[in-house]
Amino acid sequence: MSEDIKGINLVVIGGGPGGYAAAFLAADLGMNVTLVDPEKNPGGVCLYRGCIPSKALLHVAKLIDESKEAHKRGVTFKEPEVDLDKLRAYKDGVVEKLTNGTGQLLKQRKINHIRGHAKFVNATTLEIDTIDRKKETLSFQFAIIATGSRPIHIPSLIPDSSRIINSTGALKLEDIPKSMLIMGGGVIGLEMGSVYSTLGSAVSVVEMLPGLIPGADRDLVRILQKSIEPKYKKIMLNTKVVAMKEVKGAIKVSFETKDGETFDEKYDKVLVTIGRTPNSGSLGLKNTKVAVDEKGFIQTDIQRRTHEPNIFAIGDVVGNPMLAHKASHEGHVAVETIAGHKAAFEPNAIPAVGYTDPELAWAGLTETEAKEQGQKVEVFRFPWAASGRAITMDRIDGMTKLIVDPESERILGMGLVGVGAGELISEGVLAIEMATLASDLKMSIHPHPTISETIMESAEMFFGTATHVYRPKRK
Ligand code: FAD
Ligand code: NAI
């Protein structure tokens with residue numbers, strides 16, 4: 001370990017997947033590290049109020065859905081009974097297990113943890129409001145800001161009411177409302193919608209854009225939408241919420257479609273999932289040269305250095321995509337840079353996964369982006385109806401999609417919709433990052449019967465020789 005690194009005094013502000021990954025690596029490299037975060041153990045939004053509790057609930061929802069479908073394959077279960085207290089305890093237990101783990105890893109690495117909220121007094125000093133209401137001052141040589149994001153709130157549109165909740169409220173699972181409106185058809189909306197509809201709520205979704213999950217290719221989203229539509233009461237696209245009001249025992253919501261048509265509906269609860277906003281406002285950034293853009297995202301260079309040379313920023317607070325693994329990777333880049341190593345944040349593929357049922361996953365270049373950028377690509381779609389594994393699972397509602405550069409044969413992007421898509425996308429990430437050619441994928445033996453074969457076969461489609469679909473190469 002270099003003596004130079006040993007002397008580095010680093011503070012990380014925020015203990016989410018960006019902040020704790022950065023703090024852990026910095027300690028592993030030998031830096032003297034302090035982590036400032038209000039929670040008992042590291043975890044941030046992802047572990048306490050995001051990725052992890054939502055996936056625990058989605059796991060249970062899938063179990064219920066599968067038990068309800070099983071009669072089609074000759075196994076009939078009784079109607080499931082849900083014990084909400086036990087379900088909540090299971091979810092909380094999952095969070096506790098993981099955050100106890102991060103707490104232990106923090107101690108093993110001898111990282112100094114101050115529980116509180118930090119703000120900058122200047123470019124080398126922080127003032128910390130600790131959770132036991134004390135004020136501490138901390139000097140540092142380097143800082144990494146990893147304060148994350150919070151749900152967007154529009155006070156002029158969304159009144160204060162216990163019937164109107166955000167993702168944090170939805171994850172508390174206080175009750176199963178008879179009817180629920182999900183405002184915003186993005187990933188959070190559809191993941192939580194899956195949970196509540198399976199548990200018995202009549203869920204409607206309103207999305208102002210023409211399609212759900214903006215960012216993903218429409219052909220993938222169409223398959224997802226077709227599969228989930230029967231579970232929802234209504235999916236309203238091209239429609240905006242223009243007013244909300246608490247009335248007796250309900251929330252009255254006024255809608256306006258793209259064509260100007262207006263109508264009202266009442267719901268027991270409304271879940272607002274219209275995006276997230278960065279936590280940069282109360283950090284005292286004006287006492288430094290750290291700059292933010294018009295939406296409050298901290299501006300950084302490719303190494304995640306801000307306009308203040310010794311202050312870095314990572315994760316949700318620097319912008320999209322707001323994903324845990326992107327935050328962690330940025331944290332590593334910032335720490336490597338501080339350590340004097342050659343590092344930059346320049347991925348070719350940041351995978352995104354919607355843990356709906358079926359799952360939706362994509363990485364690298366999408367077909368939509370290729371069109372927008374005028375980039376010539378060839379697109380290959382392998383329908384899961386032709387996959388032996390998908391048929392054995394009775395889940396042919398899936399598709400594997402490859403975006404290939406026709407000249408170089410390089411894999412530029414991959415998209416998947418179907419059961420387990422989130423696990424499969426990593427092969428796409430590796431292929432894209434390693435500049436894999438369609439012939440490499442085609443010639444790599446994939447196990448049978450697995451869904452992963454659809455990746456190999458979609459590469460075979462490039463050559464017009466996929467075994468299980470007949471698509472001769474176009475001349
Ligand atoms: P965060 O996780 O937001 O952590 C920031 C931490 O900083 C918090 O602990 C906060 O208390 C602390 N903090 C804030 N201000 C201060 C301050 N002044 N001083 C000290 N500490 C401060 N992403 C995925 O990749 N996969 C998923 O499946 C997924 N599911 C999600 C589900 C939901 C419901 C939600 C809401 C989000 C989900 N996300 C998911 C997004 C993911 O949670 C975020 O991208 C990720 O948590 C961002 O990490 P971060 O380190 O930037 O910040
Ligand atoms: P989002 O940006 O993904 O989706 C919000 C949706 O709301 C958009 O489709 C938008 O058009 C719509 N919308 C905005 N205003 C509206 C209005 N007034 N009326 C109707 N629709 C409106 O944001 P979301 O779902 O809140 O998630 C935030 C971020 O959290 C995501 O961008 C993602 O990065 C992260 N996340 C990731 C998950 C994962 O990886 N599985 C799961 C959950 C969240």
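The structure displayed is predicted, hence computed values, not measured ones. This chain uses plain numbering: 1 for the first residue, then up along the sequence. Counting starts at 1 for both ligands and their atoms, following the listed order.
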Judged by heavy atoms only, the candidate from Gly275, Gly184, Gly186 nearest atom 23 (O) of ligand 2 is Gly275

Ordered by chain then number, the protein residues lying under 4.0 Å from ligand 1 by heavy atom are Ile13, Gly14, Gly15, Gly16, Pro17, Gly18, Gly19, Val36, Asp37, Pro38, Gly44, Val45, Cys46, Arg49, Gly50, Cys51, Ser54, Lys55, Gly116, His117, Ala118, Ala146, Thr147, Gly148, Ser149, Ser167, Ile188, Arg276, Leu283, Gly315, Asp316, Met322, Leu323, Ala324, His325, Ala327, Tyr355

Between the side chains of Asn41 and Thr102, does any donor sit under 3.5 Å from an acceptor?
-> no

Going by distance only, is there an N or O of Met183 that falls short of 3.5 Å from an N or O of ligand 2? no

Q: Determine whether any heavy atom of Ala352 lies closer than 4.0 Å to an atom of ligand 2.
A: no

* Asked: For Val353, is at least one N or O under 3.5 Å away from an N or O on ligand 2?
  -> yes

- Task: For ligand 2, find out whether one of its N or O atoms is nearer than 3.5 Å to an N or O atom of Glu207.
- Result: yes

Listing, residues 217-224 side-chain donor-acceptor contacts under 3.5 Å, not counting sequence neighbours, or none:
from: Asp217; atom 1: OD1; to: Glu367; atom 2: N; distance (Å): 3.3
from: Asp217; atom 1: OD1; to: Thr368; atom 2: N; distance (Å): 3.0
from: Asp217; atom 1: OD1; to: Thr368; atom 2: OG1; distance (Å): 2.4
from: Asp217; atom 1: OD2; to: Glu367; atom 2: N; distance (Å): 2.8
from: Asp217; atom 1: OD2; to: Lys401; atom 2: NZ; distance (Å): 2.8
from: Arg218; atom 1: NE; to: Ala216; atom 2: O; distance (Å): 3.4
from: Arg218; atom 1: NH1; to: Leu212; atom 2: O; distance (Å): 2.8
from: Arg218; atom 1: NH2; to: Leu212; atom 2: O; distance (Å): 3.0
from: Arg218; atom 1: NH2; to: Ile213; atom 2: O; distance (Å): 2.7
from: Arg218; atom 1: NH2; to: Ala216; atom 2: O; distance (Å): 2.9
from: Asp219; atom 1: OD1; to: Lys401; atom 2: NZ; distance (Å): 2.9
from: Asp219; atom 1: OD2; to: Arg381; atom 2: NE; distance (Å): 2.6
from: Asp219; atom 1: OD2; to: Arg381; atom 2: NH2; distance (Å): 3.2
from: Asp219; atom 1: OD2; to: Lys401; atom 2: NZ; distance (Å): 2.9

Under 4.0 Å from one or more heavy atoms of Val206, ligand 2 contributes atoms 20 (C), 21 (N)

Query raised in the report: Heavy-atom distance from atom 32 (O) of ligand 2 to the protein below 4.0 Å?
Result: no

Ligand 2 atoms nearer than 4.0 angstrom to some heavy atom of Leu209 are 11 (O)

So, Asp357 and Lys231, do they make that salt bridge, N to O below 4.0 Å?
no

Give a yes or no on whether atom 38 (C) of ligand 2 lies under 4.0 Å from any heavy atom of the protein.
yes

Closest to atom 5 (C) of ligand 2 among protein heavy atoms sits Thr273 O, 3.5 Å

Among non-hydrogen protein atoms, atom 13 (N) of ligand 2 lies closest to Ile274 CG2, 3.8 Å

If you scan protein heavy atoms around atom 24 (P) of ligand 2, the nearest is Ile188 CG1, 3.7 Å

Subject >> Carboxylate-amine/guanidinium proximity below 4.0 Å for Asp85 and Arg88 >> reply: yes

Looking only at protein heavy atoms, what sits closest to atom 35 (C) of ligand 2 is Met322 O, 3.2 Å

Among Arg276, Met208, Glu191, the residue with a heavy atom nearest to atom 42 (C) of ligand 2 is Glu191

- Task: Could you go through the side chain to side chain donor-acceptor pair (under 3.5 Å) check for Asp132 and Thr130 one step at a time?
- Result: CA-CA 5 Å; Asp132 45 9; Thr130 67; 2.5 Å; yes

For Ile176 and Ser201, the nearest pair of non-hydrogen atoms, with its separation, is CG2-OG, 3.4 Å

Between Ser204 and Glu265, is there a side-chain heavy-atom distance shorter than 4.5 Å?
no

Per-atom filter on ligand 2: closer than 4.0 angstrom to a heavy atom of Tyr355 are 41 (N)

Here the atoms of ligand 2 under 4.0 Å from any heavy atom belonging to Leu323 are 34 (O), 37 (C), 40 (O)

